[in-house]
Amino acid sequence: MTTYGTIPASSPAQANLEYISRAKERIKSGLGTRRPWKLMFHFYSFGFPSNFGDAVSRIKTNVGYFRMNYAIVALLILFLSLLWHPVSLIVFIVMMAAWFFLYFLRDEPLMVFGRVIDDRVVMIVLAVLTVVFLLLTKATLNILVALLIGAVLVVVHAAVRRTDDLFSDEEASGLMTGTSSGGGVVGSGSSS
């Protein structure tokens, strides 16, 4: 029996390999938004802000610029705080896998019972489930202290890290998108 004109279907193994390679590519591109650690901790870029408005401006700029780095630091602190609670650590790893597969690595919208679920709903449900499951493991104090330490470190670093050298790096690499006619950055406050 001949099958002229038919297109051979891909095998499940090929589909799995394709999914894994796409996931790898997305993880690399996501981690590609991470800024170099050397730039984040450049010694000469630290200085106290002149006033509260300057500190708030620095925090907004640095959190936007070093977002992925700050997320990695906070997750590392949370991970380290759960080392003494193996059940919590397992729950944390399972929830991180759920985040990767249901939120970060999806190519298509999530469908449940024939309905498309909005990304914001997925993010809110995953965040609530992560917090609830971690709190059910009776490591509440460790989790809260780790999140507090992570938030304090991020805010302190963002407030004392000057931002005057950050935009020149983006302009040099062609990443600036919101420029005004004068060549300055739209919405960027004065930074020192």
Side-chain angles (χ1 to χ4, degrees), residues 19-43 45-49 52 55-110 112 117-163 165-166 169-170 175:
Y19 180 77
I20 290 171
S21 67
R22 279 187 304 177
K24 225 167 121 178
E25 191 175 301
R26 288 183 124 189
I27 290 171
K28 281 183 182 178
S29 70
L31 288 176
T33 61
R34 178 185 56 83
R35 305 297 181 174
W37 294 103
K38 187 192 278 189
L39 178 65
M40 189 172 169
F41 295 111
H42 188 251
F43 181 73
S45 295
F46 287 99
F48 289 106
F52 183 72
V56 170
S57 175
R58 285 183 183 190
I59 290 170
K60 286 180 182 178
T61 303
N62 282 325
V63 166
Y65 193 81
F66 293 113
R67 177 182 8 194
M68 182 65 75
N69 297 65
Y70 288 151
I72 290 170
V73 168
L75 288 174
L76 181 66
I77 291 170
L78 182 59
F79 176 80
L80 292 175
S81 75
L82 295 176
L83 284 177
W84 292 271
H85 296 277
V87 173
S88 299
L89 190 60
I90 292 169
V91 169
F92 179 73
I93 291 170
V94 167
M95 289 309 298
M96 288 304 295
W99 274 91
F100 274 117
F101 289 112
L102 294 175
Y103 189 72
F104 293 115
L105 300 180
R106 280 188 298 121
D107 288 336
E108 301 166 2
L110 186 64
V112 176
I117 307 298
D118 188 39
D119 280 344
R120 289 178 296 195
V121 173
V122 174
M123 182 179 68
I124 291 169
V125 168
L126 283 172
V128 168
L129 286 176
T130 302
V131 170
V132 168
F133 288 153
L134 282 174
L135 293 177
L136 287 176
T137 62
K138 300 198 179 7
T140 306
L141 185 62
N142 282 32
I143 294 166
L144 294 177
V145 168
L147 291 176
L148 182 65
I149 290 171
V152 167
L153 285 176
V154 166
V155 169
V156 167
H157 179 271
V160 299
R161 171 69 167 80
R162 289 196 319 260
T163 59
D165 62 334
L166 299 182
D169 291 343
E170 284 187 346
L175 296 174

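By convention here, the first residue in the shown sequence is residue 1. Everything numeric in this text was worked out from a predicted model, so none of it was measured.
- Using a 4.5 Å heavy-atom threshold, the side chains of Tyr70 and Asn62 count as touching.
- Asn142 and Ser81 get closest at one heavy-atom pair: ND2-O, 3.0 Å.
- A donor-acceptor contact shorter than 3.5 Å links the side chain of Thr137 to the backbone of Leu134.
- Around atom CZ of Phe46, more than 12 heavy atoms belonging to other residues, nucleotides or ligands sit under 6.0 Å away.
- The two residues Gly150 and Ile77 have their closest heavy-atom pair at CA-CD1, 3.9 Å.
- Nearest heavy-atom pair, Arg161 versus Arg58, reported as atom, atom and distance to 0.1 Å: O-CD, 3.8 Å.
- Minimum heavy-atom separation, Val112 to Ile117: CG2-CG1, 3.9 Å.
- Taking the side-chain contact (heavy atoms from CB on, under 4.5 Å) definition, one finds that Ile90 meets it with Val94, sequence neighbours left out.
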* **Derivation of the side-chain contact (heavy atoms from CB on, under 4.5 Å) call for Val56 and Phe52** => CA-CA 6 Å; Val56 170; Phe52 183 72; 3.6 Å; yes
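- Note: Leu148 CG to Ile143 CD1 = 13.5 Å, rounded to the nearest 0.5 Å.
- To the nearest 0.5 Å, atoms CD1 (Ile93) and CE (Met96) are separated by 9.5 Å.
- The shortest non-hydrogen separation linking Met95 to Phe133 is SD-CD1, 3.6 Å.
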* **CA sep, side-chain torsions, deciding dist, call: Val91, Leu136, side-chain contact (heavy atoms from CB on, under 4.5 Å)** => CA-CA 10 Å; Val91 169; Leu136 287 176; over 6 Å; no
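- Counting heavy atoms from C-beta outward, Leu102 and Val125 have side chains that stay 4.5 Å or more apart.
- Note that CG of Leu135 is 11.0 Å distant from CG of Leu141, once rounded to the nearest 0.5 Å.
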* Asked: Should Trp99 and Leu129 be marked as a side-chain contact (heavy atoms from CB on, under 4.5 Å) after you check the CA-CA gap, both sets of side-chain angles, and the distance that decides it?
  -> CA-CA 11 Å; Trp99 274 91; Leu129 286 176; over 6 Å; no
* Steps toward side-chain contact (heavy atoms from CB on, under 4.5 Å) verdict (His157, Val73) -> CA-CA 11 Å; His157 179 271; Val73 168; over 6 Å; no
